[in-house]
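Have a look at the structure below before the remarks.
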Amino acid sequence: MAHQDKEVIYGLYDDETDLLKAVKEAKDQHLEIMDVYSPFPVHGLDPILGLAESRLHIAGFVYGAIGTLTAFLGMTWIFTKDWPIIFGGKPYWSVPAFIPITFELTVLFSCVGMVITFYIVSGLGPGVTNDYLDDRITDDKFCIAFDMSEVDGAAAKSFLSDTGADVNQKII
Amino acid sequence: MSGHVSPIRPPLVTGNKTYHQITEDLISPTERVPSKAWILGLILSVSVFSFGAFCILWTIWNGIGTWDLNRTINWGWDITNFVWWIGIGHAGTLISAILLIFRQKWRTGVNRAAEAMTIFAVMCAGLFPLIHMGRIWLAMFIFPYPNTRGPLWVNFNSPLLWDVFAISTYFTVSLLFWYTGLVPDFASVRDRAKGLRKKIYNFLSFGWTGSAKHWQRWEYLSLILAGIATPLVLSVHTIVSFDFATSVIPGWHTTIFPPYFVAGAIFSGFAMVLTLMIITRKILGLEDYITIEHVESMNKVILVTGTIVGVAYLTELFIAWYSGYVYEQFAFFNRAAGPYWWSYFGMMFCNVLSPQLFWKKSWRRNIWLTFFMSIFINIGMWFERFVIIATTLARDYLPSSWSYYSPTWVEIGIFVGTMGLFFTLYLIFCRVAPVVAVAEIKAILKTSGNQYVGPDAQHQHPKDVKVESEPNHTSI
């Protein structure tokens, strides 16, 4: 967001129900919303806003599967090909004994992979500074923002004040 | 906000809070100058930890001969403390993961602190196997990596190695889960701060803006992490119990160990959460967020898990008798009536009998009783691990090598030192991060605030009714 200056007009609402009503109204008026910001996840917002379902869980499954294969095939290779050792008269390839580590690495890969993916696709991470519109968004205000280059400024402004928002403008 | 909320469900946030007040109440403790009590607590914890660090150095310098382990009793306080700390470290992820999946809203009041506690307890636990190795500078040998010794690999069939994987995975996952939950709250701290403080929290908040898409992904991530952390929590203490259960030592090689250890871990973990939360809510004035309802819910978990542990103790005794195997029978007779009878008595009294008081509702809701009980349970659970380890080893197959074990000052010092480490980290955490999850409390306000539900509900929120009619929401 920070790479290009954008002129943004935004409205702050006091309650998530006002926000939900306003988002619906904006959709009806075909006003292009740039983004919606809130201090906590507002349930019911995603379908109104038209946000596609997140695909993080697919990524999590893939990472988990990589973990499963790494652990199981790794142990198999080490104990049957690279350096076979007999422990307590058991077969080299003693599958039941591989289960705990296979499980742990599945969880580890899936979790670490998903967390890293989450931060990368969201543009968040250590050392990242994103421009944010208002200090009160992480406190008690719910915000709808319009990009002035995408919408008619006057229409957006009158829409925001009509729906009960405190209207502000900022270049980010 | 969503779904039907029973009018008889008790409120979890009291004091007619608004969103702004929640931010104010939960973040202002990190902005105030530390109180005298906090500074004294920190000095005490750091001193105790320093003594522990000295004892660890003493051990490393002189070797583990400085512990009074002997020919038969080769595991003493070290592994007792390890299992005890790992058990305590089970409550955090249980509260944040399993209760998230079960949609238990009361988790939001305590999950942040419980997760922090988990991470610190696992750090304390991890210390013991490391110093128990004797040559700590070779600790990296426990990880399988290509090396110049062949490469000679670790033994993947050994429960001790499973432990390495289980605990390092558990630590990593808990840390990531905890930190991802903290990111939006660090952003709240950032937006109230100025100067250097703002810069620091800007770094910690990873550039969080509160965008709708980010929240959507954040909730997905929390839910999926909870889903995979749930079996993980159960696996960790299962694998710790394999350290004993896969051996051929009478009293250890029992199939009941995994469920019994997991129940015991949850039991002691909740006790430690209660000890900490009762002090924290008082000192930071968080009684509106960590209410008597939270305490009662946790006491119910303690009652259930304590009773499971009690049933497990009795099952072990029964099976030892029923097996007709004399060595097993002797191991259990020796536990209850042998030279360590006092630890067996302490275990039975603290873990099985005392939690039964919580059948009475008014006692479950009594803060003082709960506080003392939580201390009792932690003592009892320490005794349990001591009973399992020391009594079993003190009387092995060969009577000529029977002996008695008591710890040296070095072992006691290391144990006390880990307590110092634990409280040092917890005290620092209370100062730098919101102890209660700010965003999550805001998200449950409309369904659990005392002005919306419970006996004092002033009104059904007029706006709320309209939102409730919205289909297809799920709430966390």
Side-chain angles (χ1 to χ4, degrees), chain A residues 15-18 20 35-47 49 51 54 56-57 60 64 74-75 78-79 82-83 85 87-88 90 94 97-98 100-101 103-105 107-108 110-112 114-115 118-119 121-130 132 135-140 143, chain B residues 1-2 18-20 23 144 150-153 155-157 161-162 165-166 169 172-173 176 180 183-184 187-188 190-192 202-203 206-221 224-225 228-229 231-232 235 239 242 439-440 442-443 463-464 466-467 470 472-475:
Chain A
D15 199 283
E16 72 270 26
T17 45
D18 299 337
L20 286 173
D35 208 342
V36 172
Y37 302 94
S38 59
F40 58 85
V42 177
H43 291 285
L45 178 66
D46 300 353
L49 202 56
L51 287 183
S54 169
L56 260 181
H57 54 288
M75 286 187 285
I78 287 168
F79 273 2
D82 191 52
W83 193 312
I85 298 178
F87 295 101
K90 306 288 192 303
S94 39
F98 295 170
I101 291 179
F103 170 76
E104 298 300 333
L105 284 195
V107 171
L108 183 71
S110 170
C111 170
V112 173
M114 246 191 321
V115 169
F118 165 73
Y119 286 121
V121 295
S122 303
L124 304 171
V128 173
T129 302
N130 288 322
Y132 48 95
D135 282 347
R136 288 168 296 175
I137 289 168
T138 54
D139 180 6
D140 61 345
C143 170
Chain B
M1 288 206 312
S2 67
T18 62
Y19 293 136
H20 178 67
T23 317
L152 183 63
W153 300 99
N155 179 4
F156 294 105
N157 297 345
L161 188 76
W162 303 346
F165 279 87
T169 300
T172 313
V173 171
L176 293 175
T180 302
V183 162
S188 293
R190 169 197 71 194
D191 291 349
R192 293 160 55 90
N202 185 43
F203 181 82
F206 284 7
W208 181 262
T209 58
S211 159
K213 188 68 192 173
H214 293 175
W215 275 124
Q216 185 206 34
R217 292 198 187 111
W218 184 88
E219 286 212 286
Y220 257 84
L221 184 68
I224 300 163
L225 285 188
I228 56 177
L232 177 67
S235 81
I239 291 175
F242 286 167
E440 291 181 50
K442 286 175 189 166
K463 291 166 184 163
D464 208 29
K466 285 177 194 138
V467 185
E470 287 293 337
N472 64 41
H473 311 158
T474 48
S475 84

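All chains are named by letter (A, B, ...) in the order of the sequence lines, taking the proteins before the strands, and each is independently numbered beginning at 1. Computed from a prediction, not measured in an experiment: that's the story for all the values here.
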| query | Which atom pair, heavy atoms only, marks the closest approach of B:Arg217 to A:Leu56? | reply | O-CD1, 3.6 Å
| query | Looking only at heavy atoms, which two atoms of A:Ser54 and B:Gln216 are closest? And how far apart? | reply | N-NE2, 3.8 Å
| request: Would you indicate whether the side-chain heavy atoms of B:Tyr19 and A:Phe40 approach each other to under 4.5 Å? | output: yes
| remark: Sorted by chain and number, sequence neighbours left out, side-chain hydrogen bond (donor to acceptor under 3.5 Å, both in side chains) with B:Thr172 holds for none
| request: Please examine the side chains of B:Leu225 and A:Cys111, heavy atoms only from C-beta on, and report whether any two atoms are closer than 4.5 Å. | output: yes
| said: If you define the side chain from C-beta out and look only at heavy atoms, does anything of B:Asp191 sit under 4.5 Å from A:Asp139? | reply: no
| note | So CG of B:Asn157 and CD1 of A:Ile101: to nearest 0.5 Å the spacing works out to 8.5 Å
| said: Side chains of A:Val128 and B:Phe203, heavy atoms from C-beta outward: is any pair under 4.5 Å? | reply: no
| task | Nearest 0.5 Å please: distance from the CG atom of A:Leu124 over to the OG1 atom of B:Thr209. | result | 7.0 Å
| request: Evaluate the ring planes of A:Phe118 and B:Trp208, with Trp represented by its six-membered ring, and classify them as parallel (under 30°), tilted (30 to 60°) or perpendicular (over 60°). | output: tilted
| field | Closest non-hydrogen atom pair, A:Asp35 against B:Ser211 | value | OD2-OG, 2.7 Å
| message | Taking every non-hydrogen pair under 4.5 Å, which of A:Val115, A:Ile137, A:Val112 racks up the most with chain B? | response | A:Val115
| message | Give me the atom names and distance for the closest heavy-atom approach of A:Ser122 to B:His214. | response | O-NE2, 3.0 Å
| request: Rounded to the nearest 0.5 Å, what's the gap from CG on A:Leu108 to CZ on B:Phe165? Could you check? | output: 9.5 Å
| note | In terms of heavy-atom pairs under 4.5 Å with chain A, the winner among B:Ile228, B:Thr169, B:Thr23 is B:Thr169
| query | Non-hydrogen atoms of chain A under 4.5 Å away: do they reach the side chain of B:Trp162, the backbone, both or neither? | reply | both
| task | State, with a plain yes or no, whether a side-chain heavy atom of B:Pro231 is found less than 4.5 Å away from one of A:Phe103. | result | yes
| task | State, yes or no, whether a side-chain contact exists between B:Trp215 and A:Val42 at a heavy-atom distance under 4.5 Å. | result | no
| request: Decide yes or no for B:Lys213 and A:Val36: does some side-chain heavy atom of the first lie under 4.5 Å from some side-chain heavy atom of the second? | output: no
| task | State, to 0.1 Å, how close B:Ser188 and A:Thr138 come at their nearest heavy-atom pair, and which atoms those are. | result | OG-O, 2.8 Å
| message | I'd like to verify something: which residue of B:Leu161, B:Val183, B:Ile239, B:Leu152 has the highest number of heavy-atom pairs under 4.5 Å with chain A? | response | B:Leu152
| field | Pairing residues for B:Phe156 by the ring-ring contact (aromatic ring centres under 6.0 Å, His included) criterion, not counting sequence neighbours | value | A:Phe79
| Does A:His57 use its side chain to pair, donor to acceptor, with the backbone of B:Ile224 at less than 3.5 Å? | no
| query | Stepwise, does the side chain to side chain contact (heavy atoms under 4.5 Å, CB included) test hold for A:Val107 with B:Val173? | reply | CA-CA 8 Å; A:Val107 171; B:Val173 171; 4.1 Å; yes
| Which atom pair, heavy atoms only, marks the closest approach of B:Ala439 to A:Pro39? | CB-O, 3.6 Å
| task | Would you mind checking which part of B:Pro144 comes under 4.5 Å of any heavy atom in chain A, side chain (CB onward), backbone (N, CA, C, O), both or neither? | result | neither
